[in-house]
2 protein chains.
Amino acid sequence: MRRQSQKEFLEGYDASEFERPSVTVDLVMFTAMDRSLKVLLIRRGQQPFSGSWALPGGFVEMEETLEEAAARELEQETGVSAEGVYLEQLYTFGDPGRDPRTRVITVAYFALVDSSAITPKVTGQEEISDVRWFSVRELPKDMAFDHRTILEYAVKRLRNKLEYTAVGLELLPDQFTLSELQSLYETILGEKLDKRNFRKKTLSMGILQPTKGYRKGGHRPAMLYQFKDAKPSSTFKRTRFERG
Amino acid sequence: MRRQSQKEFLEGYDASEFERPSVTVDLVMFTAMDRSLKVLLIRRGQQPFSGSWALPGGFVEMEETLEEAAARELEQETGVSAEGVYLEQLYTFGDPGRDPRTRVITVAYFALVDSSAITPKVTGQEEISDVRWFSVRELPKDMAFDHRTILEYAVKRLRNKLEYTAVGLELLPDQFTLSELQSLYETILGEKLDKRNFRKKTLSMGILQPTKGYRKGGHRPAMLYQFKDAKPSSTFKRTRFERG
DNA sequence: ACAAAAGTGTTCCTAATACACCCATGA
DNA sequence: TCATGGGTGTATTAGGAACACTTTTGT
């Protein structure tokens, strides 16, 4: 009796002969606004979880890859082209019962988008709208399905990834100051970082390039930096920027 | 027209109303034998890819979690209980066309099993059998579907994970010598490690306990070690055991 | 002149690396 | 006695972490 389902797997089969779960893609879309980390959520209008906030997502169509499905969702929600957007498969959640209606297996992706590229519709803080950017620190209490779990998993992954890669850059517009970058890292990691160590480390990675521009406003103008090439996913040493 | 598929997603729906992909779980099962890293493969008897080697896998049943499906496959293939076996979701592969018959999305898991716990049936090197442990260095040329990609992805992940965690221990039997452990790390990482540094580092992790036993055989007997508690997944510093 | 953020160097310390010889056993 | 793998310690170095003051601008 061993290798029972293996036998099933090996056999040719009629695609319609088994009862099957549905497959969706859900998207945890992060951006940085007001120096804080935001996630895009959508208010549900239907049961179940009507009125609750949910991650954007949808069915995987028969002729598209999972990445394509995720990119399609991304474009639909933000209006930005998924070109150059950092998109990474997060995890697949498939517990029976995570959707009260049927078995739905969802492949979660997380995306890091540059807030300056987002269309006005979604950028606005219109409370009336059913699409909103939530600060990760102030998530709604009622979230649909297991979306809170997915979201927390994504935050954990992002935080972790931040400690040994430069993905944080993906969240910022083309030009930014080092203080903005540091501030972003601080809000995501939830701790103060040392300014000198942070600068030393990020600059020593050699992926940032100072521009001619300065960010004026308030007091002493800050030099603007940009990525050297296209968006990098350069890896650096797995350490943290300790202390403040 | 934006949020089209979101609408679909939010709406209650009849589970049978959409065309859906099938969902399987595939398993990359690693073990350590003869100081080399092995993977379990199964020879297919049917088209497509008849005669090619494939990862064990099967359909996800409607009432089980993905982990349960993976554990079920594991038990079916090895005869060991999945209790205490390291099992981790690897990645979900879903390109249309990866299975020539229908759209099949597969959630790949990787498992680290202690070779001493495996039932004789599968342990034997019986060439006639359609189930075999392959050394990762000598994979068959013809592998079914995208299973070679999945396998390579798994090896990469394992190798990477080895550099900052103690998962390697999961591959060994309860008692082992430090040389066996080092030798395993060396074959997985594909490089020589320095004996003194390796010992210093693993022992300083504090998760190993010397036993009273010695491994006799050949020459000077080696002290046997075991894990302190249950199987740990302790993390240590992300560095390598450089040089030999 | 003062408030506020930008910018900059050095010391300390931990941890990784490189490296070579003696030990216990079986044949 | 010799061949084989087991076992051990130290010096060097690289990189992370801690830490405080000067500069530039706007008001």
Side-chain angles (χ1 to χ4, degrees), chain A residues 34-35 160 162-166 172 175-187 189 191-226 234-244, chain B residues 34-36 162-166 172 175-187 189 191-226 234-244:
Chain A
D34 325 316
R35 299 196 169 190
N160 191 44
L162 221 55
E163 288 179 4
Y164 64 102
T165 65
L172 291 173
Q175 303 210 342
F176 50 88
T177 69
L178 289 184
S179 294
E180 285 163 0
L181 182 62
Q182 179 176 349
S183 173
L184 173 66
Y185 268 67
E186 287 173 345
T187 52
L189 296 176
E191 64 187 314
K192 277 283 177 194
L193 304 175
D194 180 79
K195 213 198 316 185
R196 283 160 295 187
N197 292 340
F198 183 84
R199 283 163 184 254
K200 218 182 307 170
K201 194 161 175 179
T202 47
L203 291 176
S204 75
M205 290 174 59
I207 60 171
L208 295 187
Q209 201 169 32
T211 66
K212 289 285 161 199
Y214 286 86
R215 171 95 69 226
K216 295 178 206 263
H219 300 281
R220 175 172 176 179
M223 170 152 292
L224 287 167
Y225 287 81
Q226 62 186 184
S234 356
T235 300
F236 56 92
K237 270 287 176 53
R238 187 186 247 278
T239 9
R240 343 232 342 246
F241 306 89
E242 295 298 334
R243 265 315 226 92
Chain B
D34 325 316
R35 298 196 170 191
S36 110
L162 222 55
E163 288 179 2
Y164 63 100
T165 65
L172 291 174
Q175 303 212 342
F176 50 88
T177 69
L178 289 184
S179 294
E180 285 163 0
L181 182 62
Q182 179 176 349
S183 174
L184 173 66
Y185 268 67
E186 286 173 346
T187 51
L189 296 176
E191 63 187 316
K192 277 282 177 197
L193 304 175
D194 181 79
K195 213 201 312 186
R196 283 161 295 188
N197 293 340
F198 183 83
R199 283 162 184 255
K200 216 184 307 170
K201 195 160 173 177
T202 47
L203 292 176
S204 75
M205 290 176 58
I207 59 171
L208 294 187
Q209 201 167 33
T211 66
K212 289 285 162 199
Y214 286 87
R215 170 97 66 228
K216 295 178 205 266
H219 300 282
R220 174 173 176 179
M223 170 152 292
L224 287 168
Y225 286 81
Q226 62 186 182
S234 357
T235 300
F236 57 93
K237 269 289 174 55
R238 189 186 246 279
T239 8
R240 339 223 354 237
F241 307 89
E242 296 298 334
R243 265 318 224 89

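Residue numbering restarts at 1 for every chain, and letters A, B, ... go by the order of the sequence lines. For clarity, every value in this text was computed on a predicted model and none was experimentally measured.
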A.B. asks: Round to a whole Å and report the spacing from NZ of B:Lys216 to P of C:dA27.
C.D. replies: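 Taking NZ of B:Lys216 and P of C:dA27, I get 12 Å after rounding.
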
A.B. asks: What's the CD-C1' distance between B:Gln182 and D:dG5, to the nearest Å?
C.D. replies: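 To the nearest whole Å, that distance equals 12 Å.
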
A.B. asks: Please state how far atom CE in A:Met223 lies from atom P in D:dT24, giving the value in whole angstrom units.
C.D. replies: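 Taking atom P of D:dT24 as the reference, CE of A:Met223 is at 13 Å.
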
A.B. asks: With rounding to the nearest 0.5 angstrom, report the CG to CG distance, B:Leu189 to B:Leu162.
C.D. replies: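 Going from CG on B:Leu189 over to CG on B:Leu162, the span is 5.0 Å.
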
A.B. asks: Identify the two heavy atoms, one from A:Ala166 and one from A:Ile207, that lie closest to each other, and give their separation to 0.1 Å.
C.D. replies: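 The pair with the smallest heavy-atom distance is CB-CD1, 3.7 Å.
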
A.B. asks: Nearest-Å distance, CE (B:Met205) to P (C:dA15)?
C.D. replies: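 Result: 14 Å.
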
A.B. asks: Rounded to whole Å, please give me the gap between CG in B:Leu193 and P in C:dA16.
C.D. replies: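 Distance, rounded to whole Å: 14 Å.
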
A.B. asks: Applying side-chain hydrogen bond (donor to acceptor under 3.5 Å, both in side chains), name anything that partners A:Glu186, two or more places apart in sequence or on another chain.
C.D. replies: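 Result, side-chain hydrogen bond (donor to acceptor under 3.5 Å, both in side chains) vs A:Glu186: A:Gln182.
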
A.B. asks: Any N/O pairs under 3.5 Å between the protein and nucleotides 2-4 of chain C? List them or say none.
C.D. replies:
from  : atom 1 : to       : atom 2 : distance (Å)
C:dA4 : O4'    : A:His219 : NE2    : 3.1

A.B. asks: Taking N or O atoms only and anything under 3.5 Å, show me the protein contacts with nucleotides 8-11 of chain C, one pair per line.
C.D. replies:
from   : atom 1 : to       : atom 2 : distance (Å)
C:dT10 : O4     : A:Lys200 : NZ     : 2.9

A.B. asks: Anything under 3.5 Å between a donor and an acceptor, one on a side chain of residues 214-223 of chain B, the other on a protein residue two or more places apart or in another chain? List them.
C.D. replies:
from     : atom 1 : to       : atom 2 : distance (Å)
B:Arg215 : NE     : B:Glu180 : OE2    : 2.8
B:Arg215 : NH2    : B:Glu180 : OE1    : 3.1
B:Arg215 : NH2    : B:Glu180 : OE2    : 3.1

A.B. asks: With a 4.0 Å cutoff (strictly under), does any side-chain N or O of A:Ser179 reach OP1 or OP2 of C:dA5?
C.D. replies: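 The answer is no; no side-chain N or O of A:Ser179 sits under 4.0 Å from OP1 or OP2.
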
A.B. asks: Could you give the CZ-to-P distance, from B:Phe198 to D:dG6, as a whole number of Å?
C.D. replies: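 Interatomic distance, CZ of B:Phe198 to P of D:dG6: 12 Å.
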
A.B. asks: What is the separation between atom OH on B:Tyr214 and atom P on D:dG7, rounded to the nearest whole Å?
C.D. replies: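 Roughly 8 Å, once rounded to whole Å.
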
A.B. asks: Please name all residues satisfying salt bridge (Lys or Arg N to Asp or Glu O under 4.0 Å) with A:Arg196, sequence neighbours left out, ordered by chain then number.
C.D. replies: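 A:Arg196: salt bridge (Lys or Arg N to Asp or Glu O under 4.0 Å) contacts with A:Asp194.
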
A.B. asks: Could you tell me the separation between the OH atom of A:Tyr225 and the P atom of C:dA6, rounded to a whole number of Å?
C.D. replies: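 Answer to the nearest Å: 12 Å.
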
A.B. asks: Return whichever of A:Gly217 or B:Leu178 has its heavy-atom-nearest nucleotide of DNA chain D closer to the 5' end.
C.D. replies: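 So the residue in question is B:Leu178.
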
A.B. asks: Taking side-chain hydrogen bond (donor to acceptor under 3.5 Å, both in side chains) as the definition, give me every residue that meets it alongside B:Gln175, ordered by chain and number, with sequence neighbours left out.
C.D. replies: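 Listed in chain order: nothing, the list is empty.
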
A.B. asks: Using a 4.5 Å cut-off on heavy atoms from C-beta on, say whether the side chain of B:Leu193 contacts that of B:Glu191.
C.D. replies: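 B:Glu191 reaches B:Leu193 side chain to side chain.
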
A.B. asks: Once you round to the nearest 0.5 Å, how far does CZ of B:Phe198 lie from CG of B:Leu178?
C.D. replies: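 Those atoms lie 7.0 Å apart.
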
A.B. asks: Not counting sequence neighbours, which residues clear ring pair (Phe, Tyr, Trp, His ring centres under 6.0 Å) with B:Tyr225? List them please.
C.D. replies: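 Result, ring pair (Phe, Tyr, Trp, His ring centres under 6.0 Å) vs B:Tyr225: none returned.
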
